[in-house]
Amino acid sequence: MAESCEGDLFCGVNVADVDNPDEMDALEKKHAVVIDAPDKVKAGEEFEVTLKVGEYKEHPNEIGHFIEWMELYSGETFLARLDLTPEHSHYVMKATVKLDHAHPLRGRAKCNLHGLWENEKEIEVG
Ligand SMILES: [Fe+2]
C-alpha cells in the first residue's frame, strides 16, 4: 500500500505479499489474489489463467461482505473480468488468453468492505 494511504484500504491498491505467506496478516490472507499460470508460454498460443481469492484464508461470501469482481491484466492491458454476487460460491476466475508481449500478469479483486487488491506474476513469452 502506498505510504500516503496508510490505514485506508479504499485508497489506492492493496498488495498481499504472496511470496511470504507466513508474513501475511488475516486481512491479507483473505484478499490475496493468487494467479495460477504457466511461467513460460509461446507468443500467440492460448493458455489458461486462474485467479483465486481466499487461497490462504477463506473470504466471507455474504450480502454485507463479498468480492464484487475479479479482473486479469497483462501489464496495463485488460484481458478479462468476472462480476460476482454473494450468491457466487467460490472466488475463482478462469480465462483462456494468448499473449504477444511479456508483461507481468496482474490479477485484481474488489472487496466491498476492504477495497481493491492486486497481485502480479511474471510470465515469459517466447
Ligand atoms: Fe473483504
Side-chain angles (χ1 to χ4, degrees):
M1 184 186 300
E3 214 167 276
S4 61
C5 292
E6 197 64 45
D8 185 354
L9 292 169
F10 282 88
C11 176
V13 180
N14 305 294
V15 179
D17 186 3
V18 293
D19 293 331
N20 297 293
D22 293 341
E23 302 292 315
M24 288 195 279
D25 62 22
L27 193 72
E28 292 169 331
K29 285 181 180 173
K30 285 181 192 174
H31 296 90
V33 183
V34 175
I35 304 170
D36 185 17
D39 294 327
K40 183 177 181 179
V41 296
K42 290 187 176 168
E45 204 164 274
E46 289 184 354
F47 63 98
E48 192 168 90
V49 180
T50 303
L51 299 185
K52 288 184 199 167
V53 172
E55 175 95 338
Y56 298 101
K57 191 175 179 70
E58 192 175 351
H59 187 282
N61 188 23
E62 54 203 32
I63 289 173
H65 187 194
F66 66 103
I67 300 296
E68 297 174 311
W69 49 259
M70 300 167 75
E71 290 181 340
L72 175 66
Y73 294 79
S74 169
E76 299 297 328
T77 304
F78 172 75
L79 297 178
R81 177 181 171 102
L82 177 65
D83 287 298
L84 298 161
T85 68
E87 286 75 25
H88 206 88
S89 59
H90 297 288
Y91 297 128
V92 177
M93 171 182 151
K94 288 183 184 291
T96 303
V97 298
K98 51 186 179 179
L99 301 176
D100 293 321
H101 307 283
H103 303 291
L105 291 172
R106 294 169 50 224
R108 285 186 159 191
K110 172 70 168 38
C111 171
N112 71 320
L113 274 189
H114 300 112
L116 181 61
W117 292 77
E118 178 180 281
N119 282 98
E120 285 189 358
K121 180 191 189 313
E122 294 293 332
I123 187 165
E124 198 176 318
V125 178

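Scope of the values below: all heavy atoms of this structure, side chains included, with no hydrogens, waters or symmetry mates. Remember, it's 1-based here, ligands and their atoms both numbered in the order they're listed.
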Take the Fe ion (ligand 1) as the vertex and measure to NE2 of His59 and NE2 of His65; round to 10°.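 If I round to 10°, I get 90°.
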Side-chain contact test, heavy atoms from C-beta onward, threshold under 4.5 Å: evaluate it for Trp117 versus Ile67 and give yes or no.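 With C-beta onward as the side chain, the pair stays apart.
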I'd like to know whether NE2 of His90 has more than 12 heavy-atom contacts from other residues, nucleotides or ligands below 6.0 angstrom.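 Not more than 12 within 6.0 Å, no.
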Arg106 and Glu76: salt bridge (Lys or Arg N to Asp or Glu O under 4.0 Å), yes or no, with the steps? CA-CA 8 Å; Arg106 294 169 50 224; Glu76 299 297 328; 3.6 Å; yes
Name, closest N/O/S atom of His114 to the Fe ion (ligand 1): ND1
Which N/O/S atom belongs to His31 and is the closest one to the Fe ion (ligand 1)?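 The closest N, O or S atom of His31 to the Fe ion (ligand 1) is NE2.
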Just do the salt bridge (Lys or Arg N to Asp or Glu O under 4.0 Å) check on Glu71 and Arg81 with the steps written out, would you? CA-CA 4 Å; Glu71 290 181 340; Arg81 177 181 171 102; 2.5 Å; yes
